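Note that this is a predicted model, so its numbers are computed, not measured. Both ligands and their constituent atoms are indexed starting at 1 by order of listing.
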Amino acid sequence: LERESLVAFDAADDADSLEEVRVRYLGAKKGALKDVQKQMGSIDPSDRKAAGMRLNEFKSKIQSVFEASQDRLGGGGEAGVDPTFDPSLPGIRPNLGHIHPITQTVNHLMEIMGRMGFEAAEGPEVEDPWHNFVALNIPEDHPARDPLDNFYLATASANSDRSVEGEQLLRSQTSTVQIRVMENRKPPIRVISLGRVYRPDDPDATHFPMFHQMEGLYVDEHVTMANLKTVLRVFATNYLGGDVQIRFRPSFFPFTEPSVEVDFLWNGNWIEFGGAGMVDPAVFEAVGYDPEKVSGFAFGLGVERLCMRRHGITDIRDLYSGDLRFLRQF
Ligand code: FA5
């Protein structure tokens, strides 16, 4: 029996046949070893001790041969493999996060403008009045500086436990970055700046107190309104797809002259996306440029409005509600 069982374990060449051999010899009910054990009772008591020892020897030998066969076939007992793991079951989808639609839009806009040679520039969200107003030709008494239209910061004073209204504010437009770039560089300049801006507007389908703008600035020797129109048209065609027409409506901004509102013709409707114009000479003077030598254009477009058009989003508040059922669609 011993020799026969050793040969059988050796011959097993897969997990199923090994299991069959195990049941045949080591099976708890009908295994051959069990049979031998049952016969122990009929052995003469004087021989029983020796026979018992012999049986135990056989048992441990056959057990170790079984384990060796298991190892050889790579089955059971292998480190790190869960025997209850079923590779044929469908997997559990890991809960991966993804990029917010506005961040995706910002990246996309940067890529399109980058192809036209505009490099990205940044500025702080907490600004001083010089960059948000004064250098942009918005003097002290201008209505755009009204506390009702801006988030001025209340800063704690060192000598008092009361907060005082400080001079600093959350920037209300990315035009601040135009000033920061021109203060630090000489023309030619071709930059865009994409970032958050803040205004105490009541939220509705198209307004939110925090939103994003894409600012563009191009300064060189002979920049014209025609250059502005072409850049915006190529941009819109790239971002919205198809040939998008552009319309300029006369407008007013203190930092551009002439100034325009920019509309795109999209799906049969004229839609306003932002403001633009030729950089006002007063702005060039504020940053130390000679307005006789350089000219430039600037524009500021609402990023949420662009994103909403492209993806058919009808309410800006959906973008910031944090509702995953909405966000997972992008
Ligand atoms: C400006 O902010 C100017 N700085 C744009 C500019 C830049 C003009 C450079 C000339 C030269 P305006 O306030 O119109 O302009 O805002 C621009 C765009 O921001 C709007 O057309 C709109 O698309 C978007 N916008 C304004 N307020 C909100 C708001 N509360 N929520 C969402 N988008 C807004």
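Between Phe330 and His311, the two ring planes are perpendicular [angle over 60°; tilted spans 30° to 60°]. The aromatic rings of Tyr152 and Phe133 are tilted relative to each other, their planes meeting at an angle between 30° and 60°.
Residue Phe255 places a heavy atom less than 4.0 Å from ligand 1. Contact between Arg305 and ligand 1 is present, with at least one heavy atom of the residue lying under 4.0 Å from the ligand. Residue contacts with ligand 1: Glu261 is excluded, as none of its non-hydrogen atoms falls under 4.0 Å. At least one heavy atom of Thr206 sits closer than 4.0 Å to an atom of ligand 1.
For ligand 1, the polar-atom distance check finds no N/O of Ser172 at less than 3.5 Å from any of the ligand's N/O atoms. Considering both main-chain and side-chain atoms, Arg199 comes within under 3.5 Å of ligand 1 through a nitrogen or oxygen pair. Taking any N or O of His207, backbone or side chain, none lies under 3.5 Å from an N or O belonging to ligand 1.
Looking at Asp315 and Arg317, a side-chain N of the basic residue comes within less than 4.0 Å of a carboxylate O on the acidic one, giving a salt bridge. Taking a cutoff of 4.0 Å between a charged side-chain nitrogen and a carboxylate oxygen, Arg185 and Glu119 qualify as a salt bridge. Look at Glu19 and Arg22 and you find a salt bridge, because one of the NZ, NE, NH1 or NH2 atoms lies within 4.0 Å of a carboxylate O, short of that distance. Glu57 has no carboxylate O lying under 4.0 Å from a charged side-chain N of Lys61, or vice versa, which leaves the two without a salt bridge.
The closest side-chain heavy-atom distance from Asn137 to His142 is not below 4.5 Å. Using a 4.5 Å heavy-atom threshold, the side chains of Asn132 and Ser172 count as touching. Side-chain contact check for Glu261 versus Phe253: some heavy-atom pair is nearer than 4.5 Å. Side-chain contact check for Phe297 versus Met225: every heavy-atom pair is 4.5 Å or farther apart. Residues Leu109 and Ile192 are not in side-chain contact: their nearest non-hydrogen atoms beyond the backbone lie 4.5 Å or more apart.
Taking every heavy atom of Gln178 and a limit of under 4.0 angstrom, the matching atoms of ligand 1 come to 9 (C). Here is the list of ligand 1 atoms found below 4.0 Å of a heavy atom in Ile316: 32 (C). Listed by number with element, the atoms of ligand 1 under 4.0 Å from a non-hydrogen atom of Phe208 are 29 (C), 30 (N), 31 (N). Every atom of ligand 1 with a heavy atom of Glu272 under 4.0 Å away is listed here by number and element: 21 (O). In summary, the atoms of ligand 1 found under 4.0 Å from a heavy atom of Ser175, numbered by their order in the structure, are 4 (N), 7 (C).
At the top of the distance list for atom 15 (O) of ligand 1, counting protein heavy atoms only, stands Phe253 CE2, 3.5 Å. Looking only at heavy atoms of the protein, atom 4 (N) of ligand 1 is closest to Gln173 OE1, 2.7 Å. What sits closest to atom 9 (C) of ligand 1 on the protein, heavy atoms only, is Glu215 OE2, 3.3 Å. Given atom 33 (N) of ligand 1, the protein heavy atom at minimum distance is Phe211 CD1, 3.3 Å. Scanning all protein heavy atoms for the shortest distance to atom 17 (C) of ligand 1 gives Gln213 NE2, 3.5 Å. Closest to atom 8 (C) of ligand 1 among all protein heavy atoms lies Gly275 C, 3.4 Å. Protein heavy atom at the shortest distance from atom 30 (N) of ligand 1 is Asp201 OD2, 2.8 Å.
Listed for the Arg305 side chain is no donor-acceptor partner under 3.5 Å among the backbone atoms of Ile271.
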